Amino acid sequence: MLYTAYELQRSWMNAASTWASVAAEMLNNPALPFGYGAGGSTLSSALEVFAHASANYGKPAFDIETVTVDGQTWPVTEAIVMHKPFGNLLRFSHPGLPENAPRLFVVAPMSGHFATLLRGTVARMIERCEVYITDWADAKMVPLSAGSFDLDDYIDYLIEFFEHIGPGAHALAVCQPSVPAFAATAIMAADKHPCRPLSLTMMGGPIDTREAPTTVNDLAMQRPIEWFRHTVIGTVPLQYPGAGRQVYPGFMQLAGFMSMNLGNHMLSHYHMFKHLVDGDGESADATKVFYDEYRAVCDLNADYYLQTVEEVFQKHSLPNGEFVHRGKRVDLGAITDTAILAIEGERDDISGIGQTKASLHLTPNLPESRKRYHMAPEVGHYGIFNGGKWRDKIAPIVEEWIAKHDRAQLKVVA
């Protein structure tokens, strides 16, 4: 009923958004007299803001067409190099990369947004690395015949992707996937897997949510897992390929994030309205671009979502040494040669300070020379991996860490 009610409401809002958009265009059309009267500009701006806020957004494209490195612009090639039911592996490259350029595997969150939320991450790292990224599927688009998907499957996918990329790669996990990426690294280390990453950078990840718990962490702890199972899990309606699949709907995740900073989101739309009234279309468009991405959400398979809530946020299984993959305990002590960089934002309201840093204390057999911590001042959760501070302050630290531990770089030094 939850999902069906949402689809009904969405159909109404889509119609209202379309009519508001048409009305705004009519008021803004210089060939028509409607917008020349008193309040015409104000009304058209209000309608445009409403149309944008109530529109439905599908999966965005990465649209990284070129990259400029040292003053020279190169065309970027995007390709699907591995396809699986619940996610593809994408590769980004350009002809300006040297043959021994580092290969970076970016593990995007499976947390309600599409991998394109990390567009800025990919666009910056593609400058000097061949970049691979997980492009997770929208669970409502995956037929029931493809089976289920849980946290164990997530880790299996990562290991398969590492194997496809090959030995000598580096990994970067943003937010939620820090836990499965950390676990996959430990599993591969214990098996002496040749494709285990040379370095693992974790950014704003919930490794140990007992450190500086945030509102997100508190919500997960306040309710038993059965509450989540019976309250936020829905069934995909018949009009989608994944009809009948049990999911955590993306619109639930979006509603949660929006409610955490509702005042800021309302203020952003008010500023958009003012920019439109003043004729400042460029500033208004910048806000639109952000929300086009932010409001594009996807569903998560219920088994994966519930297992993540229970193991990561309620039981703290990984830091407690009790995390199990396919019936076998994951030993973080097996990590002895994968260099770990933990990055946190001073103003992160999703993963508090200390949660990612905990990874450095949980790897007792990793030499201190292969550990590093960076706290980005005045940076929130989104700013860790997107925006000016990411490009100018944080990305260079990641690049330096990768270069320091890259096998090709070590050979040149030797």
Side-chain angles (χ1 to χ4, degrees), residues 59-81 88-109 113-135 165-166 168-175 197-199 201 203-204 280-294 296 341 343 345 372 374 376-409 412:
K59 182 179 180 180
F62 274 95
D63 284 334
I64 304 175
E65 297 182 355
T66 61
V67 61
T68 301
V69 184
D70 299 330
Q72 186 166 1
T73 300
W74 302 95
V76 173
T77 300
E78 173 186 343
I80 299 174
V81 295
N88 298 329
L89 179 65
L90 304 184
R91 181 183 64 209
F92 292 84
S93 61
H94 65 82
L97 288 171
E99 290 185 5
N100 63 346
R103 286 165 295 137
L104 177 63
F105 177 27
V106 178
V107 187
H113 284 100
F114 292 98
T116 49
L117 192 68
L118 272 59
R119 182 185 293 105
T121 313
V122 175
R124 177 60 178 81
M125 297 309 296
I126 189 61
E127 292 180 10
R128 306 192 185 279
C129 297
E130 183 179 44
V131 177
Y132 295 78
I133 188 170
T134 54
D135 185 23
I165 298 170
H170 302 263
L172 186 154
V174 179
C175 191
L198 295 180
S199 74
T201 298
M203 306 170 65
D280 184 3
E282 185 175 347
S283 297
D285 287 343
T287 303
K288 288 180 180 180
V289 168
F290 171 79
Y291 280 101
D292 285 350
E293 187 72 55
Y294 193 76
L341 170 60
I343 298 177
R372 182 176 178 182
H374 176 71
E378 300 182 354
V379 173
H381 188 74
Y382 188 79
I384 297 175
F385 55 90
N386 264 316
K389 291 181 179 178
W390 150 251
R391 290 191 301 270
D392 302 332
K393 302 293 185 181
I394 301 174
I397 293 173
V398 179
E399 288 179 326
E400 177 190 345
W401 190 250
I402 290 173
K404 180 179 178 181
H405 298 281
D406 189 68
R407 184 168 296 162
Q409 180 73 13
V412 171

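As the structure is a prediction and not an experimental result, all values here were calculated from the model. Atoms considered below: every heavy atom in the structure, side chains included; atoms not considered: hydrogens, waters and symmetry mates.
Heavy-atom minimum distance, Gly383 versus Trp390: O-CB, 3.7 Å. The two residues Ala123 and Val67 make their nearest non-hydrogen contact at O-CG2, 4.2 Å. In terms of heavy-atom proximity, Gly166 sits nearest to Arg103 at O-NH1, 3.6 Å. In this structure, Pro75 and Pro95 approach most closely via the heavy-atom pair O-CD, 3.3 Å. Scanning both residues, Arg119 and Ala61, for their nearest heavy atoms gives NH2-O, 2.6 Å. Across all their heavy atoms, Arg391 and Pro396 have their closest contact at O-CD, 3.6 Å.
The side-chain contact (heavy atoms from CB on, under 4.5 Å) test with Leu90 singles out one residue from Thr134, Val106, Ile80, Val131, and that residue is Ile80.
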Next on the checklist: Between Leu172 and His170, does the side chain to side chain contact (heavy atoms under 4.5 Å, CB included) criterion hold? Intermediate values first, please.
Outcome noted: CA-CA 7 Å; Leu172 186 154; His170 302 263; over 6 Å; no

Checklist entry - Does the pair Leu341 and Ile397 meet the rule for a side chain to side chain contact (heavy atoms under 4.5 Å, CB included), with working shown? => result CA-CA 9 Å; Leu341 170 60; Ile397 293 173; 4.3 Å; yes

Next on the checklist: Checking Ile343 against Ile384 for the side chain to side chain contact (heavy atoms under 4.5 Å, CB included) test, could you report, in this order, the C-alpha distance in whole Å, the side-chain angles of both residues, the deciding distance, and whether it holds?
Outcome noted: CA-CA 8 Å; Ile343 298 177; Ile384 297 175; 4.2 Å; yes

Checklist entry - Stepwise, does the side chain to side chain contact (heavy atoms under 4.5 Å, CB included) test hold for His94 with Glu127? => result CA-CA 8 Å; His94 65 82; Glu127 292 180 10; 5.6 Å; no

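Contact of the Pro197 side chain with the Phe105 side chain is not registered, since no non-hydrogen atoms from C-beta on lie closer than 4.5 Å. Between Asp406 and Ser199, the closest side-chain pair of non-hydrogen atoms is not below 4.5 Å.
Applying the 6.0 Å contact sphere to NZ of Lys389 captures more than 12 heavy atoms from other residues, nucleotides or ligands.
Distance CE/Met125 to CZ/Phe385: 14.5 Å, rounded to 0.5 Å. Asp135 CG to Phe62 CZ: the interatomic distance, rounded to the nearest 0.5 Å, is 6.0 Å. We find the NZ-CZ distance between Lys404 and Arg372 to be 8.0 Å, quoted to the nearest 0.5 Å. The distance from the CG atom of Asn386 to the CZ atom of Arg124 is 12.5 Å, given to the nearest 0.5 Å. In this structure, the separation between CD1 on Ile165 and CG on Leu89 is 5.0 Å, given to the nearest 0.5 Å. Between the SG atom in Cys129 and the CG atom in Leu97 there is a gap of 8.0 Å [rounded to 0.5 Å].
Contacts of Asp70 classified as salt bridge (Lys or Arg N to Asp or Glu O under 4.0 Å), with partners at least two apart in sequence or in another chain: Arg128. Partners of Thr68 under the side-chain hydrogen bond (donor to acceptor under 3.5 Å, both in side chains) rule, at least two apart in sequence or in another chain, are Thr73. The side chain to side chain contact (heavy atoms under 4.5 Å, CB included) check on Pro377 picks up Glu346, with sequence neighbours excluded.
At distances below 3.5 Å, not a single donor-acceptor pair connects side-chain atoms of His374 with backbone N or O atoms of Ile394.
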